[in-house]
Each structure stands twice: as structure tokens, then as C-alpha cells.
Amino acid sequence: MLDGHPRILADLRARLAEPHRVYHGQAHIDALLEAFRARRGMVRDPDAVELAIWFHDAVYRPGAADNERRSAALLRALPEGAVPAPTLAAAETMILATERHAVPDGLPAADVALFLDMDMAILGAAPNAYDGYAAGVAREFVPVVGAAAYRQGRAAFLRGALASGRPLFVTARARAALEGPARSNMRRELAALGR
């Protein structure tokens with residue numbers, strides 16, 4: 001989708017290489033792009049999904065409440081004509097959906113659901129991959145909030161997600177494959193946090 005736009009790609013790559021990013025960098029995007037390639041035939045608007053992958057963490061400040069909205073705004077600021085308007089709107093919807101990791105009401109759910117599940121798939125990864133993710137997130141947050149506040153906040157997030165009764169994944173396929181391992185990983189991290 002962005003292959004014909006080297007300046008846009010260069011800007012995104014520079015953002016993803018910001019020094020405060022450990023997990024939310026180019027490797028995360030590359031993993032999502034690889035997962036997407038394997039599922040490309042399952043989506044209605046592959047260009048929108050690819051665009052959402054590239055832009056969903058384009059703006060990332062640990063602990064900021066508006067990363068998703070600012071990333072969507074950056075997408076909207078693309079030069080006119082760089083991306084067809086319907087594709088741009090669909091990608092923006094996907095990016096904004098990462099704020100709550102839920103499919104917005106009244107929208108065709110398939111592409112958004114697949115995108116959200118790919119973004120969250122790390123939760124259900126093998127324990128060593130999950131541990132790398134958790135360590136990366138900690139390395140992003142601790143310099144901003146401090147170690148004690150990070151442990152407290154992360155434990156609260158994990159407890160809340162585990163106790164909510166709401167599935168972590170949107171699609172039945174992802175729930176079947178990843179829900180159990182994700183919950184196991186999260187419980188293990190919570191125990192390691194000592195909270």
C-alpha cells in the first residue's frame with residue numbers, strides 16, 4: 001500500500017525508531033505485516049488493514065491517553081490523493097478501535113476484528129515471546145512513571161483484563177487459538193509482579 005510513497009514510509013520508520021520505543025517499534029509492525037500476509041485473503045479491504053498496521057502506533061508516548069487519536073490524525077494528514085478516501089476512513093476506524101480493542105458498533109466487523117486480534121496476538125504467544133513483549137513494555141514505561149508505579153499500573157491492567165469476563169480476542173478463531181495461552185501468560189506476569 002505504501003510502497004509507492006517513500007517519504008511517508010521514511011517518516012513512519014523514523015517514528016518507529018524513536019529511542020523510547022522498545023516493543024512498539026518496527027519489529028512490532030513487521031510482525032503484524034507478516035501475520036497480515038498470511039491472512040490477506042480473509043479481509044475485504046487489505047489496503048486499509050495494511051495502512052492501519054503501519055499507522056496504529058505512529059504516535060506513541062508511554063502512558064499517553066491520546067496515542068490512538070494522534071496516530072489516526074497523522075494518518076488523516078496524509079497528502080490528498082495519497083490514499084483513496086474509503087481506504088483512509090476504514091484504516092482510521094481500525095486505529096481508533098485499538099483504544100478500547102473493540103469493534104465499533106454499526107461497522108463491518110471482519111477487517112477490524114482481524115486487525116485487533118493480530119495486534120493482541122502477542123498476549124497468546126509462546127511464553128518466551130510474551131516475556132519479551134512484557135519486558136519491552138516495562139522498558140518503555142518505567143522511565144516515564146517509575147518502577148513502583150509501573151508495577152502497580154501493570155498489575156491493575158492485568159487483573160482487570162483477567163477478571164472482566166470479556167474475551168481478550170474478537171474472532172472465534174483467535175479466541176480458540178490464543179485466549180487460553182494469553183490468560184496463562186497474563187497470570188504468570190501478574191504473579192511475577194508480586195501483586
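All residue numbers in this chain count up from 1 along the given sequence.
Ionic pairing of D11 and R7 is not present here: no N-O contact between side-chain nitrogen and carboxylate oxygen is shorter than 4.0 angstrom.
The shortest heavy-atom contact between A48 and A91 is O-CB, 3.5 Å. Contact between R21 and A58 at its shortest, heavy atoms only, is NH2-O, 2.9 Å. When all heavy atoms are compared, the tightest approach of V112 to A97 is CG1-CB, 3.9 Å. Among all heavy-atom pairs drawn from I95 and S71, the shortest one is CG2-CB, 4.1 Å. When all heavy atoms of E140 and P62 are compared, the pair lying nearest together is O-CG, 3.3 Å. Contact record, I122 with Y130: O-CD1, 3.6 Å, taken as the closest heavy-atom pair.
The backbone N or O of A125 sits less than 3.5 Å from a side-chain atom of N185, completing a donor-acceptor pair. In this structure a side-chain-to-backbone donor-acceptor pair under 3.5 Å is present from H20 to Y60. The main-chain N or O of M94 is never found under 3.5 Å from a side-chain atom of T98 such that the two would form a donor-acceptor pair. Between the R183 side chain and the L162 main chain, a donor and an acceptor come within less than 3.5 Å of each other. Under a 3.5 Å cut-off, the side chain of E179 and the backbone N or O of L168 do form a donor-acceptor pair. For the pair D117 (side chain) and A174 (backbone), a donor-acceptor distance under 3.5 Å is absent. Remark: the backbone N or O of L16 is not paired with any side-chain donor or acceptor of Q26 at under 3.5 angstrom. In this structure, the side chain of E189 does not engage the main chain of A134 through any donor-acceptor pair within 3.5 Å.
Distance CZ/R159 to CE/M186: 11.5 Å, rounded to 0.5 Å. Atom CZ of F55 sits about 8.5 Å away from atom CZ of R15, to the nearest 0.5 Å. Between the NE2 atom in H101 and the CE atom in M120 there is a gap of 5.0 Å [rounded to 0.5 Å]. Here CG of D3 is found 11.5 Å from CD1 of I8. Values are rounded to the nearest 0.5 Å. Atoms CG and CD, on D45 and E50 in that order, are 10.5 Å from each other to the nearest 0.5 Å. With rounding to the nearest 0.5 angstrom, the CG atom of L193 is 7.0 Å from the OH atom of Y150.
L78 places none of its side-chain heavy atoms less than 4.5 Å from the side chain of H5. Within the 4.5 Å cutoff, the side chain of Y133 has heavy atoms near those of the L123 side chain. Side-chain contact between T93 and F115 is absent, with no heavy atoms from C-beta onward closer than 4.5 Å.
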Practice item. Give the intermediate values and the outcome of side chain to side chain contact (heavy atoms under 4.5 Å, CB included) for residues R13 and I29. Key: CA-CA 10 Å; R13 288 186 190 282; I29 301 305; over 6 Å; no
Point to revise | Stepwise side chain to side chain contact (heavy atoms under 4.5 Å, CB included) check, E68 with R100 | key: CA-CA 10 Å; E68 295 85 359; R100 290 180 30 248; over 6 Å; no
Review point. Hey, mind stepping through L114 and V49 against side chain to side chain contact (heavy atoms under 4.5 Å, CB included) and telling me if it holds?
Key: CA-CA 9 Å; L114 180 67; V49 175; 5.6 Å; no
Exercise for review: Could you go through the side chain to side chain contact (heavy atoms under 4.5 Å, CB included) check for N67 and D57 one step at a time?
Suggested key: CA-CA 7 Å; N67 286 326; D57 284 330; over 6 Å; no
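Within a 6.0 Å sphere centred on CZ of R175, other residues, nucleotides and ligands contribute more than 12 heavy atoms. Counting non-hydrogen atoms of other residues, nucleotides and ligands closer than 6.0 Å to CZ of R76 gives a total above 12.
The salt bridge (Lys or Arg N to Asp or Glu O under 4.0 Å) search around R39 returns none, not counting sequence neighbours.
Criterion: ILVMFWY side-chain heavy atoms under 4.5 Å apart, direct or through other members. Under it, V22 and V142 are not part of a common hydrophobic cluster. Hydrophobic clustering (side-chain heavy atoms under 4.5 Å, transitive across Ile, Leu, Val, Met, Phe, Trp, Tyr) keeps L96 apart from L75.
Using cut-offs of 30° and 60° for the angle between ring planes, the Y23 and H28 rings count as tilted.
No donor-acceptor contact under 3.5 angstrom links the side chains of T87 and D47, judged on distance only.
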